[in-house]
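Throughout, a chain's letter reflects where its sequence line sits, starting with A, and its residues are numbered from 1. From a predicted model like this one, the values you see are computed outputs, not experimental measurements.
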Number of protein chains: 2
Amino acid sequence: MYAEVMSARDQLIASTQDLLWERGYVGTSPKAIQQRAGAGQGSMYHHFAGKADLALAAIRQNAADLRASAEAAFAQGTTAVERVSAYLLRERDVLRGCPVGRLALDPEIVANPELRAPLEETFDWLRGRLAEVLAEGIANGELPADLDPAATATALVAVLQGGYVLARSSGTVEPFDQAIRGALALLERR
Amino acid sequence: MYAEVMSARDQLIASTQDLLWERGYVGTSPKAIQQRAGAGQGSMYHHFAGKADLALAAIRQNAADLRASAEAAFAQGTTAVERVSAYLLRERDVLRGCPVGRLALDPEIVANPELRAPLEETFDWLRGRLAEVLAEGIANGELPADLDPAATATALVAVLQGGYVLARSSGTVEPFDQAIRGALALLERR
DNA sequence: GTCTATAATACGATAGAC
DNA sequence: GTCTATCGTATTATAGAC
């Protein structure tokens, strides 16, 4: 993906992805998007119907990117705990937060079913994928039989999303790391 | 606290608390605050230096309110697990999210040390308070000796904050409840 | 496809009357 | 203390030329 060969349309989507991540939907203006993309208003309104339409394309791309990188992490390790750990401990720009989860706090995203749908689908997929890995661990005796895969998976995803909140509140990565460590310790010793 | 006897100043703070919770700092305009408070611009700029000054008063009040209601929950129950559960399971307006954690995703809050400070203090206090309760449980043999109280406490606070994110993404309370259930199951069976 | 011009409204704040 | 008037800028588009 070379910036020089990206079409104006793709540049606009990429810039919107960045700005939604950084400032959310409410805090992102079409003007800021255009400036970052190096495109004018005419270009933007030619390719997209407006702010919401462009945001939809960017959110879908953010969701697809997250899914791809999560899938890559799950492929690492052999045991269930190793694969879960690989996902939880993978490199992240913690203080930047999650590009998808971040949008769940935005009132105009949540109020718009079309804009919210990619968030719901992404987290449903992630929780399901993690639950599968945990279920494998239960099936082969690595994890206890009374562990609820779905509830545990949801708790682990929540630890991640909440870890971002605590890290940004404190201005450091420390609470994020501690939350992950605490959650993994609870899981591993069961 | 009767609305009829609240001063214009207190009305402005209360309205700002609501709007920050709902729309964040970036998404909240002085005009909206004034309208909700039933106060004019003159009144607002008489009592506060500007948007940031008013937001600081509202954020501090949000933090104080959260702390008070958390302390009330911790007072319930006798065993450590009961007290932790009482806090995690207390009634919440889940789809509204956390009035304090919500602000951690706002770029202008995080960029302003004065506005971020109440967030950091609130979560430091909450993690410490939870860690104390867990440490008591370890001391009296209710919880295993190898449990790290601080890391576990941070993980539990993260589950809450992340639960809000998942609930708002899905449009239902279900993922929040499931995350809490999953986390408590991991803690109780250790 | 992209440009510039224009529009109606909102933002965040200040000024000065009352 | 609160009011209205005003300010300069930003927002989210639309219109029409190129």
Gap between atoms [atom1] and [atom2], on [X] and [N] respectively (whole Å):
X: Lys31(A); N: dC3(C); atom1: NZ; atom2: C1'; result: 16 Å
X: Leu12(A); N: dG1(C); atom1: CG; atom2: C1'; result: 12 Å
X: Lys51(B); N: dA10(C); atom1: NZ; atom2: P; result: 16 Å
X: His47(A); N: dC3(C); atom1: NE2; atom2: C1'; result: 13 Å
X: Gln34(A); N: dT12(D); atom1: CD; atom2: P; result: 10 Å
X: Gln41(B); N: dA17(C); atom1: CD; atom2: P; result: 18 Å
X: Asp53(A); N: dT12(D); atom1: CG; atom2: P; result: 15 Å
X: Tyr45(B); N: dC7(D); atom1: OH; atom2: P; result: 17 Å

So, does [X] get its side chain near the phosphate of [N], meaning an N or O under 4.0 Å from OP1 or OP2?
X: Ser43(A); N: dG1(C); answer: no
X: Ser29(B); N: dA10(C); answer: no
X: His46(A); N: dC3(C); answer: no

Just wondering, more than 12 heavy atoms not from Arg129(B) lying within 6.0 Å of its CZ?
yes
Does Glu114(A) have more than 12 heavy atoms from other residues, nucleotides or ligands lying within 6.0 Å of its CD?
no
So do the side chains of Leu160(A) and Tyr87(A) get within less than 4.5 Å of each other, counting heavy atoms only?
yes
Side chains of Asn140(A) and Glu136(A): is there a donor and an acceptor less than 3.5 Å apart?
no
Find which nucleotide of DNA chain D each of Arg9(B) and Pro30(A) is nearest to by heavy atoms, and output the residue with the more 5' nucleotide.
Arg9(B)
Please list, chain by chain and in numerical order, all residues satisfying side-chain hydrogen bond (donor to acceptor under 3.5 Å, both in side chains) with Thr154(A), sequence neighbours excluded.
Arg127(A), Gln178(B)
Is it true that Arg36(B) and Glu22(B) make a salt bridge, defined as a side-chain N closer than 4.0 Å to a carboxylate O?
yes
Residues two or more places apart in sequence or in another chain: which of them pass salt bridge (charged side-chain N to carboxylate O under 4.0 Å, His left out) with Arg92(A)?
none
Ordered by number, residues from residues 15-27 of chain B within less than 4.0 Å of DNA chain C (heavy atoms) are none
